[in-house]
Amino acid sequence: MKLQDTLSNSQLELDISKKVKIYLCGVTVYDESHIGHARTIIVFDVLRKYLEEKGVEIEFIQNFTDVDDKIINRAQAENTTAEVISTKYIQNYFEDFDGLNVKHATIYPKATDHIEDILKFIEKLIDKQIAYVSKNGVYFSVSKFPNYGKLSKKKIDELESGARIEIDEAKKDPLDFAVWKFSDVEPLWESPWGKGRPGWHIECSAMSNKYLGENFDIHGGGRDLIFPHHENEIAQSESCTGLQFAKIWMHVGMVTINGEKMSKSIGNIKSIKNVLENWGPNIIRLFCLSGHYSKPIDYSEELLKENLTKWRQAEVCYYELIHTKSEDNQNLEETVFKISKDFDKALEDDFNTHLALSAFFQLIKETNRLAAEEKLGNEDAQIIKSEFLRMLKILGLVIPEMTENEKQEIDYMIENREKLRKEKQFLEADKIRDKLNEMNIELIDHKVKTIWMKKEIIKSENKK
RNA sequence: GGUACUCUGGCAGAACGGUUAUGCGUGGGCCUGCAAAGCCUAUACAAGGGGGUUCGACUCCCUCGGGUACCUCCA
């Protein structure tokens, strides 16, 4: 699989001959997660699901930043502790992302659980005279890392001439950044240099090192993390170990809304809770995967609606596959095999989920067409079904389960409707269909049989 | 101001130095008791602007311009 690497600005081959180690920068837990977070995490969720489906072992680490000025500010505003805030929003995170059918990471390390590791890491940096103690904290000396700026393609002198860098007397160089901040307000920990808390970037260096070692396969996050977060992580980690940090840097584009970045400071946020309530997990996932991961994607009702149409087709396909009874096989192995290959090929080529989805929908269209023509045979359906389910699994799409009782009741109602239709009592027959509709069961009348499908309830569909 | 990315039809989004991309949408028709599902057909005079290279450019080169992000916390 080839992936675009931000550092080398070229496509690199991912080595899948052994365990693949991935570190994803997760969220700072001080508020609700929004669709922008969802996109990054869903992209990585599908990436790991695809690789796992290929039989590749994955170690997937995703951190929670649970010590940070924003958390502390929020705690003060709500008259509580940082721990209460971060615990609350970690719980909130899992509600949202479980709702989006995101598979759990191998480990979700938290900064506050790794203070010891962070302190050891800082100690190494001080020993190597790359970090220094000043009156406000311990700082990383950017000038000690010759390649500083290599990820974000920034030049040190250009950064220095930028007017937006804070001037801090305690720093030797304005670009130096804190690895440890002295403080006497909670949360704080003892350190050999003074009480305080870790800087923002150090946790990821320390925790990725702890769980994945000095060198691992993919380090990812949103594009907005390239600078300064990932740049600083590289500086810290590579100065500390003297080795290459991540092999591939994978960055996911922003979700925009009316062309503008979705962010808390602008206030144009669509929270996951809100969108999940209105559109459900499957449509959100399709939406997040509908563009290339590296490019921005614009949030719009129109795009969501398009994905709703497609999701309905997928649902029809599923129910056609499980209800089929025809003996009229078309020997579709080759067709299915080709579509399956297209799907994989798209993902292998810099993880092009849009093209992979095209293949997925091609399979669906083909199936639905044959089914409507009563030409979907049992054997073909088996072949299609296993491929369809494979794709569903990789994409993380889920068709709601039904109980046997429900199924029996539906079959019984359909039988009654058939009788009435044969007797041309259409008003009565339609009443049954209406009743089923109320249960979100939709009927598809084929020439020789009627099948049913259970539609996922999508609130937005009924609004105008 | 600097750096990176980006600019294809109403929207989404490909390939390719020369062929209709495709999907969604929209119009019309077929199927159906009626719907839904499905089918057929039509529709988009598509390539940010201007130069160049070429027999021929959306595709290569130059140039101008627009957009987004980052340069401060941010997925």
Side-chain angles (χ1 to χ4, degrees), chain A residues 4 6 9 24-28 30-31 33-44 62 65 68-70 73 149 151-155 157-166 175 177 200 220-229 231 251-256 259-266 287 290-292 294-298 300 302-303 305-310 312-313 315-317 319-320 346 352 354-355 357-359 361-362 364-365 367-375 420-422 424-427 429-430 433-434 437 442-447 450-453 455:
Chain A
Q4 180 71 25
T6 310
N9 203 3
L24 176 65
C25 283
V27 295
T28 301
Y30 75 100
D31 207 346
S33 299
H34 57 71
I35 291 298
H37 302 116
R39 158 128 108 144
T40 300
I41 284 156
I42 286 169
V43 164
F44 275 85
Q62 183 185 324
T65 298
D68 165 273
D69 291 351
K70 288 197 166 169
N73 292 342
L151 181 73
S152 55
K153 322 286 181 234
K154 291 188 187 303
K155 304 234 169 21
D157 48 339
E158 280 166 1
L159 280 169
E160 281 179 342
S161 62
R164 295 164 88 175
I165 291 169
E166 59 178 302
L175 291 181
F177 55 89
W200 177 33
R223 276 208 108 74
D224 53 354
L225 293 183
I226 294 173
F227 191 90
H229 185 55
E231 192 70 62
H251 289 106
V252 179
M254 297 295 101
V255 174
T256 58
E260 208 178 14
K261 179 183 171 185
M262 185 179 285
S263 82
K264 284 164 194 165
S265 43
I266 300 172
F287 164 77
S290 67
H292 189 97
S294 65
K295 292 186 186 173
I297 190 169
D298 202 53
S300 70
E302 192 184 358
L303 249 183
K305 225 180 265 173
E306 181 174 332
N307 284 304
L308 168 63
T309 305
K310 291 181 171 180
R312 291 296 185 216
Q313 293 172 347
E315 287 179 316
V316 170
C317 178
Y319 287 98
E320 295 283 13
N352 192 329
H354 182 272
L355 279 187
L357 286 176
S358 299
F361 289 114
Q362 200 190 328
I364 289 167
K365 272 189 108 59
T367 306
N368 292 173
R369 199 195 86 233
L370 288 169
E373 292 170 358
E374 301 284 346
K375 285 182 188 163
L420 292 166
R421 286 179 76 201
K422 280 194 184 122
K424 300 211 188 299
Q425 299 196 41
F426 295 120
L427 280 178
D430 286 352
R433 185 168 66 191
D434 291 344
N437 272 333
E442 189 162 306
L443 299 184
I444 301 172
D445 288 336
H446 290 162
K447 286 195 185 78
T450 294
I451 71 155
W452 55 265
M453 62 178 269
K455 291 165 77 182

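Everything numeric here is computed off the predicted structure, so don't read it as measured data. Below, chains carry the letters A, B, ... as their sequence lines are ordered, and counting in each starts from 1.
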Over all strands shown, is [X] touching base, sugar-phosphate only, or nothing at heavy-atom distances under 4.0 angstrom?
X        : value
A:Arg369 : sugar-phosphate
A:Thr28  : sugar-phosphate
A:Lys310 : sugar-phosphate

Picking from [options], which would you name as closest to the side chain of [X]?
X        : options             : result
A:Cys25  : B:A75, B:A36, B:C70 : B:A75
A:Ala372 : B:C71, B:A69, B:A37 : B:A37
A:Pro228 : B:A35, B:A69, B:C71 : B:C71

Determine whether a donor-acceptor pair (one donor, one acceptor, N or O, separation below 3.5 Å) exists between the side chain of [X] and the base of [N].
X        : N     : result
A:Asp430 : B:A35 : no
A:Lys70  : B:C73 : yes
A:Arg433 : B:A35 : yes
A:Glu306 : B:G23 : yes

Which ranges of RNA chain B pair up as stems, where a stem means three or more consecutive Watson-Crick or G-U pairs with both distances under 3.5 Å? B:1-7 with B:65-71, B:10-12 with B:22-24, B:25-30 with B:38-43, B:48-52 with B:60-64

[N] and [M]: how far apart are their [atom1] atoms, nearest whole angstrom?
N     : M     : atom1 : value
B:G65 : B:G49 : C1'   : 7 Å
B:G27 : B:G48 : C1'   : 30 Å
B:G56 : B:G17 : C1'   : 8 Å
B:G28 : B:G33 : P     : 23 Å
B:A12 : B:C34 : C1'   : 34 Å
B:C16 : B:G51 : P     : 28 Å
B:C5  : B:C24 : P     : 34 Å
B:U54 : B:A47 : P     : 24 Å

Can you tell me how far [atom2] of [N] sits from [atom1] of [X], to the nearest Å?
X        : N     : atom1 : atom2 : answer
A:Phe227 : B:C73 : CZ    : C1'   : 13 Å
A:Gln4   : B:U6  : CD    : C1'   : 13 Å
A:Asp224 : B:A4  : CG    : P     : 19 Å
A:Leu357 : B:A12 : CG    : P     : 16 Å
A:His446 : B:G38 : NE2   : P     : 9 Å
A:Ile297 : B:C11 : CD1   : P     : 15 Å
A:Asn307 : B:G23 : CG    : C1'   : 11 Å
A:Glu302 : B:C11 : CD    : C1'   : 4 Å

For the NZ atom on A:Lys375, are there more than 12 heavy atoms of other groups (residues, nucleotides or ligands in this structure) within a distance under 6.0 Å? no

In this structure, are over 12 heavy atoms from other groups packed under 6.0 Å from A:Leu427 atom CG? no

Pairwise side-chain contact, [X] with [Y], heavy-atom cut-off 4.5 Å (strictly under):
X        : Y        : value
A:Asp298 : A:Leu303 : no
A:Asn9   : A:Gln4   : yes
A:Phe287 : A:Ile35  : yes
A:His229 : A:Cys25  : yes

Between A:Gly253 and A:Thr256, just flag the one whose closest nucleotide in RNA chain B comes earlier from the 5' side.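 Result: A:Thr256.
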
Just by distance, do the side chain of A:Glu231 and the backbone of A:Ser152 share a donor-acceptor pair under 3.5 Å? yes

Side-chain (A:Glu374) to main-chain (A:Lys447) donor-acceptor, under 3.5 angstrom: yes

List, with names and distances, any nitrogen or oxygen atoms from the protein found under 3.5 Å away from nitrogen or oxygen atoms belonging to nucleotides 19-21 of chain B.
none

A:Met254 side, atom CE; A:Ile297 side, atom CD1 - distance, nearest 0.5 Å: 12.0 Å

dist A:Glu320:CD -> A:His446:NE2 (nearest 0.5 Å) comes out at 4.0 Å

Using a cut-off of less than 4.0 Å, is there contact between a side-chain N or O of [X] and OP1 or OP2 of [N]?
X        : N     : value
A:Gln313 : B:C24 : yes
A:Asn368 : B:G38 : yes
A:Asn9   : B:C5  : yes
A:Lys295 : B:U68 : no

If the threshold is 4.0 Å, N to carboxylate O, is there a salt bridge linking A:Arg312 and A:Glu315? yes

Quick one: side chain to side chain donor-acceptor pair (under 3.5 Å) partners of A:Asp31, sequence neighbours excluded? A:Arg74

